[in-house]
Asker: 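Before I ask anything, here is the structure I am working with.
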There are 2 protein chains.
Amino acid sequence: MDAESKPYHHGNLRTALITASLELIRAGGPAGLTLREVARRAGVSHTAPYRHFRDKDDLLAAIAEDGFLRLAAEIRRASALGEDPPMRLRLAGIAYVAFGFDHPAEFDVMFSVVPDRALYPAAKAAADEAFRSLLALTEELKRGGGLTGHAPDVAARIAWAHVHGLAVLAIHRQLAFQNRQDLLDFAGQSTLALLAGLAK
Amino acid sequence: MDAESKPYHHGNLRTALITASLELIRAGGPAGLTLREVARRAGVSHTAPYRHFRDKDDLLAAIAEDGFLRLAAEIRRASALGEDPPMRLRLAGIAYVAFGFDHPAEFDVMFSVVPDRALYPAAKAAADEAFRSLLALTEELKRGGGLTGHAPDVAARIAWAHVHGLAVLAIHRQLAFQNRQDLLDFAGQSTLALLAGLAK
DNA sequence: CTCAGATGTTGTCACTGTCAACATCAGTGT
DNA sequence: ACACTGATGTTGACAGTGACAACATCTGAG
């Protein structure tokens, strides 16, 4: 085929659809996402997406899954740079907030758009993996003596809620930060305070 | 008019529309909200809502405003029961989480559905009032010596993010609580740890 | 080299948000 | 007492949407 003619098959539609979806959500929020517009951007007919996703929610679940996998990777990457357990947990928390700030569209989809995660096992599994990355760090903290009075899984949920709230509020501009660095500095302070409290 | 005939004017449409909207969101999430279905439930034609709300977002903003006002009231009510500043702040935090758990539909709308709060001054004012209720408590905490190393407004934002994350994750069933009381107990533990950290 | 399954298209349907034009009512000024 | 004006509600229309069914095209396993 020459450069002008389009092949009947796209070749990489599924990925292209996810990419286009993220663009749309970034531009107009979750409400700005339209299967037909997604198809248009991928240069494909308005029902082509149904060959790759059962319905709109299924597409959102795929985006969420992808997001969780990348979040988990990001947490592990960042925490590995820390020199002791408290520092590793803090770096993980800051990475979480940074991920939310850097990928607000994915983040929104990951936590609020998908209706019932139980219906989307792949997305659920990815979310669980992200949580386990955090849990591993509180378990390590416990062993290192930096955690008294709380079980590691309790501490993991506390820490998760903490950074999650920060990320959500920052994304929706409730916290009036000027820039990314201000937010991350704030996350650093905030997680430090929480760690002090968890240590006793 | 007798009981069967409908008057031409509804009499209390605005309120009825908000009530019906909340029912719909509770049942089917924000995506389940449809202006036409709302109108149907209020027993009114499909364009009647436009006499009370500029468009769908305007209706959502009204729901958000109402929610923030009730949240602020709830925070003040609960915190007034505490005997010292740390306890008052803790009770406020628990009340925040309880509000999210008890009114998940409103909560969702308040924080994620309204696209740009700046366009809806009434909703923004209500949100600011809720935040000020929290800020008053951290200022009091500072005066009482329960807050070192952070300015009251920083502490207020940290506390807000903390309980907000808890509420959001609980609403979306990420935290696997069996019931309301488990969640509130958890919020109690969690805010205690944070307060300890903020005290130094 | 065939042909079955995977991938993409056309056409259609019920439903949605919104607008314009019109109908009815409630209350105020005289 | 009463007319009239603004507030409230209705009818009808339009373009855009998610989803389905029927059909077209391609690809690779045997």
Asker: Taking the minimum atom-to-atom distance to the side chain of L35(B), which one of dG8(C), dT10(D), dG17(C) wins?
Answerer: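 Selected nucleotide: dG17(C).
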
Asker: I want to know whether F107(A) and H164(A) have ring centres closer than 6.0 Å.
Answerer: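 Yes, close enough.
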
Asker: How many Å lie between CG on L60(A) and P on dA19(D), as a whole number?
Answerer: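 Rounded to whole Å, this separation is 10 Å.
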
Asker: When you measure from the side chain of T148(A) to the backbone N and O of A199(A), does any donor-acceptor pair fall under 3.5 Å?
Answerer: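 At least one qualifying donor-acceptor pair exists.
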
Asker: Atom NZ of K56(A) to atom P of dT16(C): distance rounded to whole Å?
Answerer: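 Rounded to whole Å, this separation is 14 Å.
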
Asker: Between the base of dT18(C) and the side chain of T47(B), is one N or O donor paired with an acceptor at under 3.5 angstrom?
Answerer: no

Asker: What residues join M87(A) in its hydrophobic cluster, counting side-chain heavy atom gaps under 4.5 Å, either direct or through other members?
Answerer: L81(A), L91(A)

Asker: Taking atom P of dA20(C) as reference, at what distance in whole Å does atom OH of Y50(B) sit?
Answerer: 12 Å

Asker: Starting at CG of N12(A) and ending at P of dA6(C), how long is that distance when rounded to a whole Å?
Answerer: 18 Å

Asker: Between R51(B) and D55(B), name the one whose nearest nucleotide on DNA chain C is closer to the 5' end.
Answerer: D55(B)

Asker: Would you mind reading off the distance between L59(A) atom CG and dG18(D) atom P, rounded to a whole angstrom?
Answerer: 10 Å

Asker: Need one value for H46(B): base, sugar-phosphate or nothing, where a base atom within 4.0 Å counts as base even if backbone is also close, heavy atoms only.
Answerer: base

Asker: Quick one: does R26(A)'s side chain have a donor or acceptor within less than 3.5 Å of a partner on A105(A)'s backbone?
Answerer: no

Asker: V44(B) side chain: which of dG17(C), dT10(D), dT10(C) is closest?
Answerer: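 Of all the options, the side chain of V44(B) is nearest to dT10(D).
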
Asker: I need the CZ-P distance between F53(B) and dT18(C), as an integer number of Å.
Answerer: 13 Å

Asker: How many Å lie between CG on L24(B) and P on dG17(C), as a whole number?
Answerer: 10 Å

Asker: Please list each protein N or O that sits under 3.5 Å from an N or O in nucleotides 14-16 of chain D, with the distance.
Answerer:
none

Asker: What is the separation between atom CG on L13(A) and atom P on dC26(D), rounded to the nearest whole Å?
Answerer: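 Result: 15 Å.
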
Asker: At 10 degrees resolution, what angle do the end axes of the helix from dC1(C)-dG30(D) to dT30(C)-dA1(D) form when each is taken over five base pairs?
Answerer: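 Inter-axis angle at the termini of the helix from dC1(C)-dG30(D) to dT30(C)-dA1(D): 10°.
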
Asker: Can you classify the ring geometry of F131(B) versus W160(B) as parallel (below 30°), tilted (30 to 60°) or perpendicular (above 60°)?
Answerer: tilted

Asker: For Q181(B), enumerate each residue passing the side-chain hydrogen bond (donor to acceptor under 3.5 Å, both in side chains) test, keeping only those at least two apart in sequence or located in another chain.
Answerer: D185(B)

Asker: If we ignore hydrogens and angles and just use 3.5 Å, is the side chain of K142(B) paired with the main-chain N or O of A155(B) as donor and acceptor?
Answerer: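 No, the answer is negative, given that no donor and acceptor are paired below the 3.5 Å cut-off.
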
Asker: Of E37(A) and R54(A), whose closest DNA chain D nucleotide lies nearer the 5' terminus?
Answerer: E37(A)

Asker: F177(A): which residues meet the side-chain contact (heavy atoms from CB on, under 4.5 Å) condition with it, sequence neighbours left out?
Answerer: L175(A), D182(A), L183(A), F186(A), R157(B)

Asker: Using the side-chain hydrogen bond (donor to acceptor under 3.5 Å, both in side chains) criterion, which residues pair with Q174(A)? Sequence neighbours excluded.
Answerer: R117(B)

